Amino acid sequence: MTTLLTASKLTKQFTGLLAVNEVDVAVEAGSVHGIIGPNGAGKTTLFNLISGLLPPTSGSLTLDGRDITAAAPYERTRLGVARTFQNIRMFSDMTVIENVMTGMHTRLEYSGVAALFRLPAFRRGERAAKERATELLEFVNLAGKARSRSGDLSYGDQRRLEIARALAGDPRLLLLDEPAAGMNPTETRDLATLLRQVGQRDITLLLVEHNMGFVMDLCDRITVLNFGRKIAEGTPRQVRDDPSVIEAYLGTKVAERLAKAHGA
Amino acid sequence: MLSQQLVNGLVLGSTYALFALGFTLIFGVLRVINLTYGFYFSIGAFVALTAARSFGANIWVALPLGAIAAGLVAVVADWILLTRLRRAKAGELSSLMVTLGAVLALYSLMAVFIGTDIQRFPFGFVDNSAIEFSGIRISLVQMLIIGTTLVLVALLFVLLQRTKLGLMIRALAENEDAARLMGINVGLTVAAVSFLSGMLGGAAGVLIGLNFNAIQPFMGEHMMLRGFAVIIIGGLGDIRGALIAGVLLGVLEVLTAGYISSNAKEAVAFTILVLTLWFRPVGLFGRAQAKRA
Amino acid sequence: MAEWLDDFLFTYENLVHALGVHGLLALSMYCVMAVGQLSLGQAAFMGIGAYTGALLTLNLGLPFWLVLPLSALAPALVALVIGGPTLRLSGVYLAISTIALGEVLRVLYINAEWLTGGALGLSGIPRKADLWLIYLLLLIGVVAFWAVGRSKIGRAMEAMREDEAVAGVMGVNLPRYKLGALIVSSMIAGLAGCLSSHSNSFIGPNEYGFEMAVTILSFALLGGIGTPVAPVIGAIILTALPEVLRPLQDFRLVFNGLIIVIAVLFLPRGVIPFRLRRAP
Amino acid sequence: MSRLLSTVGAIAIGSLLAAPAATTAWAQETVTVGAIEILSGPSAAYGTAIKGGLELALDEINAAGGVLGGKKIALIIEDSAGNKDQAVNAARKLVGRDKVPVVIGPTLSNEMFAVGPVTNERKVVTVGTSTTAKGITEIGPFIFRTSLPESDVVPVTLKTAKDKFGVKKIAMMYANDDAFSKSGFDSMKAAAEQLGFEIATIETFGSKDSDFSAQLTKIKGLNVDAITISALVEPISGVVLQARQLGIPASVRFIGGNGANSPKLGEIAGGAADGLLVGSPWFIAKKGETNEKFVADYKKRNGKDPDQFAAQAYDTMYIVAKAIDTAGAADSDKIREALYKTDFNGVMGPFSFTQGRDPASNEGVVVLAMKNGRFEILE
């Protein structure tokens with residue numbers, strides 16, 4: 001197995017807050033890698049650093065041996081990084097299929113001139129894009145809604161559309177920020193099935209999730225963050241049994257219980 | 001002559017700084033380039049003028065009157081124009097556009113009703129005499145402007161750093177949602193900031209109108225262009241930066257006109273503005289990284 | 001031609017010219033706003049085109065077919081200089097620096113007397129901007145935006161307008177798109193400027209300032225930016241209305257200002273709210 | 001889309017077409033003359049004064065039997081709002097729709113540079129009453145003006161300053177951002193050089209500036225005898241006030257161009273303006289029956305004192321009416337011929353045109369000095 005993504009000593013400091021503190025993560029190609037941790041542990045910040053939405057304060061990132069620490073988001077996309085967002089960020093005025101086709105931006109090679117004059121390159125590109133988009137929509141079970149306004153979709157549909165849009169760029173690494181948030185058990189189960197199928201497409205998955213069952217079930221390897229620091233890493237079983245992890249999770253619960261007792 | 005020119009520059013620069021204070025305060029807290037600010041400047045001057053004319057108010061009455069009126073206008077303008085956008089979390093460009101349209105409409109409306117002729121305070125409204133020492137002349141009004149600018153900056157610092165309202169304002173400036181969670185009445189704090197900046201704008205209008213003795217509806221618009229330069233050079237939202245950038249700009253303009261060419265005076269502000277954007281977009285004193293696209 | 005028709009065209013020639021030129025200006029505004037940016041420099045770019053065109057015609061006597069593209073090129077260079085640093089920052093920086101641009105250029109026109117005639121401006125510019133040419137260019141502009149709008153470029157532009165960060169994650173090269181849009185828009189504005197100076201015979205330094213910039217913005221906001229035709233219709237309405245409703249002239253600026261306020265607050269999609277489809 | 005465009009076009013054109021029919025019916029009994037003046041916006045004061053002067057003359061002419069053996073003159077005044085485009089649109093409407101043989105105005109030189117080529121192309125006589133910039137009548141053979149160009153007035157003022165007050169060394173100031181002020185300055189500079197003045201410095205400012213301290217401090221250090229200034233009245237007032245505040249003594253006189261020739265100067269600047277010299281083609285207290293009657297009638301009709309713009313407009317209306325009469329028809333070409341033969345004695349004094357269509361003589365120019373906030377003839 002080879003390492004696809006390596007973060008070393010990755011740090012992000014906001015005014016007065018170390019959101020991510022010297023975190024090392026290595027994501028194996030072809031694996032499903034989970035990142036867990038209590039609220040405020042720095043998971044989303046880590047995602048923003050990996051996808052390039054935030055510049056790191058220090059540390060470095062490599063993708064397939066190539067340094068991408070300073071690369072802009074669009075450059076990372078071109079290199080094969082795609083992501084979804086915790087609070088779904090759809091182009092809500094666009095139709096469903098347009099959203100997916102927007103995700104193909106880097107894979108469409110025709111020039112502006114070709115588009116302007118409707119040259120064969122443009123026609124070919126758009127036709128292929130449409131076919132591929134339709135395929136992806138079928139894959140996420142949205143084929144019937146290709147022409148609906150995406151802002152009008154139900155919550156679960158939007159989640160799946162976001163995954164289709166991310167897949168449209170043919171990524172090697174897909175970052176999923178709490179994909180199961182707000183889903184009922186049935187939907188969650190369907191999602192897990194969907195993601196397993198994605199994994200079979202030779203796509204490495206890195207996901208942040210709160211739903212423990214979901215994570216333990218799906219992931220090959222898990223990294224645990226707390227207060228911006230990595231506190232544990234390993235297989236689901238290793239992580240589950242790690243005392244520092246139990247403390248991190250239990251600690252908060254105990255604290256909550258204590259607070260409640262005081263209040264009463 | 002150099003010393004007299006430096007004094008001229010200091011006075012001119014103080015007017016720029018005075019004007020820019022409220023402008024930069026609005027941006028610093030509310031994250032809005034509020035172009036209606038120029039109108040507060042005009043309306044403050046006009047209210048003071050009307051007071052002086054209709055019931056012979058003196059400067060110590062007319063100045064606060066103009067400032068308070070402008071403050072009230074600011075609260076209303078913010079409420080009408082920006083509440084909706086703030087609630088919808090619309091981008092900063094929407095608010096810029098809405099205030100842009102509003103300010104054009106307001107100036108023009110004011111011009112339709114009271115004309116664009118330059119109006120002046122009655123003779124003898126303030127003591128026009130000047131003090132002269134070792135060949136440098138400075139009039140009482142000019143000293144009043146420099147003094148007021150310094151006093152207002154000091155008061156603003158005390159307000160922001162030492163009072164409960166200041167704490168609320170700073171919390172709001174940091175993060176609106178967090179401020180709300182902390183139990184701060186955001187609507188009220190926004191209104192307070194609007195009122196404060198409106199007052200600063202109005203006071204600037206009265207004093208500057210008095211110094212140059214030229215009051216007309218579009219006076220705020222002419223000032224606005226300098227205002228942009230000052231708040232960008234000083235760093236958006238940076239009060240101390242606005243003070244220093246304002247004075248700096250005034251002195252540079254006067255020295256340019258005095259020793260290079262009066263033709264070049266107009267270009268000074270924008271040359272520095274463009275240089276700032278190229279090389280130091282966070283402003284002269286900014287530390288934080290400029291907001292990324 | 002029948003005499004009455006001749007008289008009629010003579011009477012309204014300026015208006016018909018203005019409708020076309022303003023249509024082009026609205027299109028140039030559309031081009032920037034379509035990627036979610038705000039430029040208040042369209043009037044300034046127009047001015048550069050107007051002066052470049054007039055000077056090339058008057059001083060060098062170049063043929064109009066050569067003058068026109070050169071007048072589009074000059075503002076493009078300025079857009080490059082302005083856009084380079086500011087487009088990396090948040091949108092307000094572009095807005096402010098483009099306002100400043102108008103002012104800088106005004107000072108420049110006034111002071112470069114040997115070239116621009118200073119405050120007296122340039123007069124005696126031959127009338128070479130034929131009506132058909134203006135409307136042909138406008139038509140080409142609209143069709144071109146329409147065509148490009150229905151491709152990956154159009155999708156990328158709409159994505160940037162809706163959520164810039166996500167557009168970046170989709171692989172849209174944000175700086176390049178923003179700069180490209182600014183440059184194309186400055187070129188259209190430059191063309192409009194050149195056409196207007198070659199239909200007015202006289203230009204002065206104070207015509208391309210803040211008021212004109214705001215007026216151009218109001219075209220696009222009234223029409224909306226859902227399709228490239230919408231801002232053009234906005235321009236036509238706002239240009240023709242004061243001519244039809246004379247009393248409106250006194251309140252022209254008040255009206256333009258209110259249009260912007262109302263459009264932003266209540267009609268964010270303009271009066272032509274349709275959206276261009278971007279997929280087959 | 002093209003259908004939408006053409007629909008909008010059709011609506012716009014349709015509503016524009018609806019209007020023109022009205023004016024043509026009564027054109028038989030009247031001669032229609034057009035005027036384009038600034039009646040709204042920042043410079044409305046000029047146009048309003050001109051309108052007052054035109055209408056006063058018009059009432060008198062029509063009461064005395066009109067022109068061409070009993071035809072009355074109808075005057076259509078269009079508002080330009082000081083906007084070049086609006087002025088051109090007005091001119092096109094007057095020429096294309098109302099078919100006027102003569103256009104009076106427009107108010108500003110800037111507007112004339114835009115309007116002139118249009119009316120001239122259609123061979124419609126255009127008579128400026130207040131356009132003093134250089135090159136106005138060079139626009140074309142149909143462009144006249146009754147206002148003395150600055151280049152005729154300013155030398156008189158400067159010469160008076162030299163002869164009467166021994167002025168030798170001057171500083172020159174002007175607003176460099178509007179055509180009126182700039183072209184006034186050009187004439188001033190030419191005249192100053194011709195009269196052998198020593199020009200210590202030339203300083204500029206913007207029409208909308210309010211701070212002139214840098215320029216004035218510099219001038220103060222140069223110990224000049226006088227300061228010439230070419231600008232509109234508002235910045236002039238500001239300059240004068242600040243000059244005195246900065247301690248430039250009253251013995252250093254200001255010498256103004258046409259823009260300073262306004263009673264507003266005294267209203268705004270008060271005593272600070274005392275001593276300012278300005279040349280004027282007309283003055284309210286000018287002796288003579290014609291002028292006294294004009295001043296009285298104007299005041300009765302319009303409720304305030306006339307200024308030079310009103311006076312020039314008043315004379316112009318008479319000059320145009322006479323030309324129409326002489327021409328024998330409301331025909332532009334014939335009126336143009338007739339204007340060349342103008343020999344008129346009005347409130348501004350004797351008047352005729354040069355072959356270049358400018359006023360022939362500057363004999364009527366008087367030099368005024370400001371005293372206690374009012375202009376008086378310099379004796």
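These values consider heavy atoms only, across backbone and side chains, with no hydrogens, waters or symmetry-generated copies. Just so you know, these numbers come straight off a predicted model, no measurement behind them. Quick note on labels: first sequence line is chain A, next is B, and so on, each numbered from 1.
The CE atom of D/Met112 sits 12.5 Å away from atom OG of C/Ser123, with the distance rounded to the nearest 0.5 Å. How far CG of D/Asn176 is from CD1 of C/Ile110: 5.5 Å, rounded to the nearest 0.5 Å.
In this structure, chain C has a heavy atom under 4.5 Å from the side chain of D/Asn83, while its backbone stays farther away. Contact annotation for D/Tyr174: only side-chain heavy atoms (C-beta onward) come within less than 4.5 Å of a heavy atom of chain C. Within the 4.5 angstrom heavy-atom criterion, atoms from both the backbone and the side chain of C/Asn14 approach chain D.
Enclosure of atom NZ in C/Lys128 by more than 12 non-hydrogen atoms of other residues, nucleotides or ligands within 6.0 angstrom is indicated. Residue-environment remark: CZ (C/Arg269) stays at or below the threshold of 12 foreign heavy atoms within 6.0 Å.
Applying salt bridge (Lys or Arg N to Asp or Glu O under 4.0 Å) to C/Asp7 and the options D/Arg97, D/Lys93, D/Arg122 leaves one that passes, D/Arg122.
Side chain of D/Arg92 to backbone of C/Tyr12: no donor-acceptor contact under 3.5 angstrom is found. A donor-acceptor pair under 3.5 Å is absent between the side-chain atoms of D/Lys84 and the main chain of C/Glu207, judged by distance alone.
Contact between C/Ala119 and D/Asp177 at its shortest, heavy atoms only, is CB-C, 3.6 Å. Of all heavy-atom pairs between D/Pro117 and C/Ser201, the closest is CG-OG, 3.4 Å.
Residues C/Leu120 and D/Asp186 have side chains in contact (heavy-atom distance under 4.5 Å, counting atoms from C-beta outward). Between D/Val88 and C/Glu13, every side-chain heavy-atom pair lies at or beyond the 4.5 Å cut-off.
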